[in-house]
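Heads up: numbering here begins at 1 and tracks the sequence.
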Amino acid sequence: MSSPEVNPVDPHVLERNYDYAQKNVRLLSMWYDCEPKQMLELLADNDIELSRNDRLQFGQYYQAVQQQSP
């Protein structure tokens, strides 16, 4: 019996992985093999709150993405 596939962009999985990455966008983007900008878009689209350090570094871009989302 095989286990069900885990969708890495599922909001719950994404949030858990962000926690595992010690709430570090750069580290998480390495795990997901994408640019930090893409990771920020994914986090913003899923309303996953950034850590204080990530807000200081990426907060303006994150907020801009959130404002563009429907």
Side-chain angles (χ1 to χ4, degrees):
M1 183 154 130
S2 65
S3 60
E5 289 290 318
V6 174
N7 180 355
V9 295
D10 174 271
H12 299 295
V13 174
L14 184 61
E15 188 167 23
R16 184 186 68 216
N17 287 341
Y18 186 48
D19 285 340
Y20 289 159
Q22 300 175 0
K23 295 200 175 263
N24 183 314
V25 166
R26 291 187 191 282
L27 180 57
L28 187 62
S29 66
M30 285 191 281
W31 287 1
Y32 277 68
D33 195 26
C34 67
E35 294 295 319
K37 210 171 192 181
Q38 292 171 293
M39 186 52 58
L40 286 163
E41 292 166 1
L42 194 53
L43 293 171
D45 289 344
N46 287 287
D47 290 324
I48 296 172
E49 187 176 336
L50 295 180
S51 68
R52 182 180 183 279
N53 287 338
D54 283 344
R55 271 195 317 273
L56 291 172
Q57 285 186 0
F58 308 111
Q60 288 182 328
Y61 183 73
Y62 177 89
Q63 288 177 338
V65 171
Q66 278 196 315
Q67 290 172 356
Q68 291 175 356
S69 296

Just wondering, do [Y] and [X] contact through their side chains at under 4.5 Å, heavy atoms?
X	Y	result
Glu49	Arg55	yes
Tyr18	Ser51	yes
Tyr20	Leu28	no

- Roughly how far, to the nearest 0.5 Å, is CD of Gln60 from CD of Gln63?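 One finds 7.5 Å between CD of Gln63 and CD of Gln60.
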
Heavy-atom closest contact ([X] atom, [Y] atom, distance):
X	Y	value
His12	Asp10	N-OD1, 2.9 Å
Asn24	Arg26	OD1-N, 2.9 Å
Tyr62	Ile48	OH-O, 2.6 Å

Side-chain donor-acceptor distances from residues 39-47 under 3.5 Å, at least two apart:
| residue | atom | partner | partner atom | Å |
| --- | --- | --- | --- | --- |
| Glu41 | OE2 | Tyr61 | OH | 2.3 |
| Asp45 | OD1 | Ser69 | OG | 2.9 |
| Asn46 | ND2 | Leu42 | O | 2.8 |
| Asp47 | OD1 | Gln66 | NE2 | 2.9 |

- Task: Check the pair Tyr32, Asn17 against side chain to side chain contact (heavy atoms under 4.5 Å, CB included), reporting the backbone distance first and the verdict last.
- Result: CA-CA 10 Å; Tyr32 277 68; Asn17 287 341; 2.9 Å; yes

- Asn7 atom CG, over 12 foreign heavy atoms within 6.0 Å: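 Atom CG in Asn7 is packed in, count exceeds 12.
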
